[in-house]
Amino acid sequence: MKKKILVLNGPNLNMLGRRQPEIYGTRGLDDIIEVLRETFPDTDIEHIQSNCEGFLIDALHACADNGTDGVVLNAGAYTHTSLALADAIAAIAPLPVIEVHLSNIFAREEIRRHSLIAPVCAGSISGFGERSYRLAVRALQDML
């Protein structure tokens, strides 16, 4: 049976390919998701992107009941500011959530070096560009 993984992307990630390509790369989010689906054909890759914190929280809550086996989460700037998002991740435990970042958040501005969601995630992957997503899906497959 195919495993179902939600790739959940937060604010401004719909602007990938145009937004600061020197930091985030030149590929758009749709391209990244397409590569994931091609790379992992035996996995059902669902994808949601929203700029709204509440929508991301609702999507996480839904995972507790809709057959999702794991979540790859790039929370964008909410990583550093949203206790509510951290609480939503904790609420769906033991469902594994992998935190992902395209850039190395630890080599960026001071505020970006602290993640409020990391303590409630199964793991964190950052700094590998779009490969961060593939590494996260692979990690979830190994966990499931």
Side-chain angles (χ1 to χ4, degrees), residues 2-37 39-40 43-144:
K2 275 186 165 185
K3 295 295 183 183
K4 180 178 175 183
I5 293 177
L6 172 64
V7 179
L8 184 59
N9 283 283
N12 300 309
L13 290 160
N14 58 306
M15 299 301 290
L16 287 179
R18 291 185 275 177
R19 176 183 175 228
Q20 296 174 283
E22 69 280 3
I23 295 173
Y24 301 110
T26 58
R27 294 189 101 172
L29 189 54
D30 289 340
D31 295 332
I32 292 170
I33 299 304
E34 182 179 327
V35 168
L36 285 178
R37 289 179 174 144
T39 304
F40 302 101
T43 302
D44 181 11
I45 305 282
E46 301 278 329
H47 177 245
I48 296 173
Q49 186 280 325
S50 179
N51 294 315
C52 300
E53 182 180 32
F55 191 86
L56 299 172
I57 291 167
D58 289 343
L60 286 166
H61 289 174
C63 290
D65 299 315
N66 69 7
T68 298
D69 296 298
V71 178
V72 173
L73 172 62
N74 186 339
Y78 289 140
T79 299
H80 321 289
T81 63
S82 181
L83 185 57
L85 202 54
D87 287 347
I89 296 165
I92 63 170
L95 190 79
V97 176
I98 306 284
E99 174 186 13
V100 165
H101 300 283
L102 295 161
S103 68
N104 179 354
I105 63 172
F106 303 103
R108 304 224 17 226
E109 307 93 319
E110 184 65 34
I111 194 166
R112 293 183 194 270
R113 295 178 190 166
H114 180 71
S115 169
L116 293 178
I117 66 172
V120 292
C121 287
S124 300
I125 299 170
S126 70
F128 295 98
E130 67 183 76
R131 290 182 306 254
S132 295
Y133 287 92
R134 290 195 303 273
L135 293 167
V137 171
R138 177 77 64 214
L140 279 174
Q141 287 181 326
D142 289 347
M143 295 172 70
L144 299 174

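The figures that follow rest on heavy atoms only: side chains count, while hydrogens, waters and symmetry mates do not.
Contacts classified as side-chain hydrogen bond (donor to acceptor under 3.5 Å, both in side chains) and involving residues 96-105 (residues at least two apart or in different chains) are given here: Glu99-His101, Glu99-Ser115, Glu99-Ser124, Ser103-Arg108. Listed by first and then second residue, the side-chain hydrogen bond (donor to acceptor under 3.5 Å, both in side chains) pairs involving residues 80-94 are Glu53-Ser82 (not counting sequence neighbours).
In this structure, Phe40 CZ and Arg138 CZ are separated by 4.0 Å, a value rounded to the nearest 0.5 Å. With values rounded to the nearest 0.5 angstrom, Ile89 atom CD1 is found 4.5 Å from Ile117 atom CD1. With rounding to the nearest 0.5 Å, the separation of CD1 in Ile111 from OG1 in Thr79 is 11.5 Å. Rounding to the nearest 0.5 Å gives a distance of 9.5 Å between CG of Asn14 and CG of Asn9.
With a 4.5 Å cut-off on side-chain heavy atoms, Val71 and Leu60 count as touching. Counting heavy atoms from C-beta on, the side chains of Leu36 and Thr39 never come closer than 4.5 Å. Leu16 is not listed as a side-chain neighbour of Glu130, based on a closest heavy-atom distance of 4.5 Å or more. When side chains are defined from C-beta on, Leu6 counts as touching Ile48, because their heavy atoms get closer than 4.5 Å.
Judged purely by atom type and a 3.5 angstrom limit, Arg19 has no side-chain atom pairing as donor or acceptor with the backbone of Tyr24. Between the side chain of Lys3 and the backbone N or O of Gly70 there is no donor-acceptor pair closer than 3.5 Å. Side-chain atoms of Gln49 never come within 3.5 Å of backbone atoms of Leu8 as a donor-acceptor pair (strictly under, hydrogens ignored).
For Glu46, there are no salt bridge (Lys or Arg N to Asp or Glu O under 4.0 Å) partners at least two apart in sequence or on another chain.
Smallest separation of non-hydrogen atoms from Gly10 and Leu56: CA-CD1, 3.7 Å. Here the shortest heavy-atom pairing between Asn66 and Cys63 reads OD1-CA, 3.4 Å. A pairwise comparison of heavy atoms in Ile98 and Ala122 identifies CD1-CB, 4.1 Å as the closest pair. In plain terms, the two heavy atoms of Leu102 and Tyr133 that are nearest each other are CD2-CE1, 3.7 Å. The minimum heavy-atom distance between Leu144 and Asp69, with the atom names listed, is CD2-O, 3.2 Å. Of all heavy-atom pairs between Ile92 and Ala64, the closest is CG2-CB, 4.0 Å.
Evaluated for a side-chain hydrogen bond (donor to acceptor under 3.5 Å, both in side chains) with Thr43, the options Lys4, Lys2, Gln141 yield exactly one hit, Gln141.
At a threshold of 4.0 Å, the pair Arg37-Glu34 does not count as salt-bridged, since none of the basic side-chain nitrogens sits closer than that to a carboxylate oxygen.
Annotation for Asp30: atom CG does not count as buried by contact number, only 12 or fewer foreign heavy atoms lying within 6.0 Å.
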